[in-house]
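As a basis for the values below, the full set of heavy atoms in this structure was taken, side chains included, without hydrogen atoms, waters or symmetry mates. One is the number of the first residue; the rest follow in order along the sequence.
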Amino acid sequence: MTDCLFCKIVSGDVPAKVVRDSERVLAFRDINPQAPTHVLVIPKIHHPTAAELAAADPALLSEVLGEAHRVAVDEGIDGTGYRIVFNTGAQAGQTVFHVHAHVLGGRGLNWPPG
């Protein structure tokens, strides 16, 4: 999609601080971090939401989750705990409609989120 921010990051048209890059998945630091570790993990192909990605390509959704865990390992938060969040829809806080997992950690994370 030509107007999608994350598609532009994948293509290299918009810079990002990339932390992991595989054949089908990209992970980069959030520009407005909400925790000491806040990395976004996205499929390189455009899907608007997690539900749409799950319906279209469950294996790719699995790759996104696997990369999210590898980010946690690389960032050293896998032993203390981390959160993976998919916001789906505007009311849930999704602002970029290219599915992305937030990997958050490095501090206590309250529940319920809000």
Trainee: What pair of heavy atoms forms the shortest contact from A56 to H47, and how long is it?
Mentor: CB-CE1, 3.6 Å
Trainee: May I ask you to say whether K44 pairs ionically with D21, meaning some side-chain N is under 4.0 Å from a carboxylate O?
Mentor: yes
Trainee: Go through E75 and R29 one step at a time and tell me if the salt bridge (Lys or Arg N to Asp or Glu O under 4.0 Å) criterion holds.
Mentor: CA-CA 11 Å; E75 297 288 316; R29 298 207 182 278; 2.8 Å; yes
Trainee: Return the SG to NE2 distance between C4 and H46, rounded to the nearest 0.5 Å.
Mentor: 5.0 Å
Trainee: Using 4.0 Å as the upper bound for N to carboxylate O, is an ion pair formed by D57 and R24?
Mentor: yes
Trainee: Mind checking whether T37 and L104 have side chains closer than 4.5 Å, heavy atoms only?
Mentor: no
Trainee: Treating Ile, Leu, Val, Met, Phe, Trp and Tyr as nodes and any side-chain heavy-atom pair under 4.5 angstrom as an edge, say whether V103 and L40 lie in one connected cluster.
Mentor: no
Trainee: For G106 and P36, work out which heavy atoms get closest and say how close.
Mentor: O-CG, 3.5 Å
Trainee: Give the minimum heavy-atom separation between I77 and G105, together with the two atoms involved.
Mentor: CD1-CA, 3.8 Å
Trainee: Where do P48 and Q94 come nearest, in terms of heavy atoms and distance?
Mentor: O-NE2, 2.8 Å
Trainee: Are the aromatic ring centres of F86 and H100 under 6.0 angstrom apart?
Mentor: no
Trainee: With the 4.5 Å side-chain cut-off for hydrophobic clustering, are V39 and V18 part of the same group?
Mentor: no
Trainee: Measure across N32 and H38 and return the closest heavy-atom pair with its distance rounded to 0.1 Å.
Mentor: O-ND1, 4.0 Å
Trainee: Is it the case that the side chain of E67 and the backbone of I42 share a donor-acceptor pair, with hydrogens and angles ignored and the cut-off at 3.5 Å?
Mentor: no
Trainee: Do V96 and I45 share a hydrophobic cluster, counting only Ile, Leu, Val, Met, Phe, Trp and Tyr and linking them when any side-chain heavy atoms are less than 4.5 Å apart?
Mentor: no
Trainee: Please tell me if the side chains of V99 and E52 come closer than 4.5 Å, counting only heavy atoms from C-beta onward.
Mentor: no
Trainee: Do V19 and V73 share a hydrophobic cluster (ILVMFWY, side-chain heavy atoms under 4.5 Å, transitive)?
Mentor: no
Trainee: For the residue pair H98 and P43, establish whether any side-chain heavy-atom pair is separated by less than 4.5 Å.
Mentor: yes
Trainee: Is the closest side-chain heavy-atom distance between V25 and R20 below 4.5 Å?
Mentor: no
Trainee: How far does CG of D78 sit from CZ of R70, to the nearest 0.5 angstrom?
Mentor: 12.5 Å
Trainee: For a 4.5 angstrom cut-off between non-hydrogen side-chain atoms, does F28 reach I9?
Mentor: yes
Trainee: Write down the atom of I84, the atom of A68, and the distance for their closest heavy-atom approach.
Mentor: CD1-CB, 3.8 Å
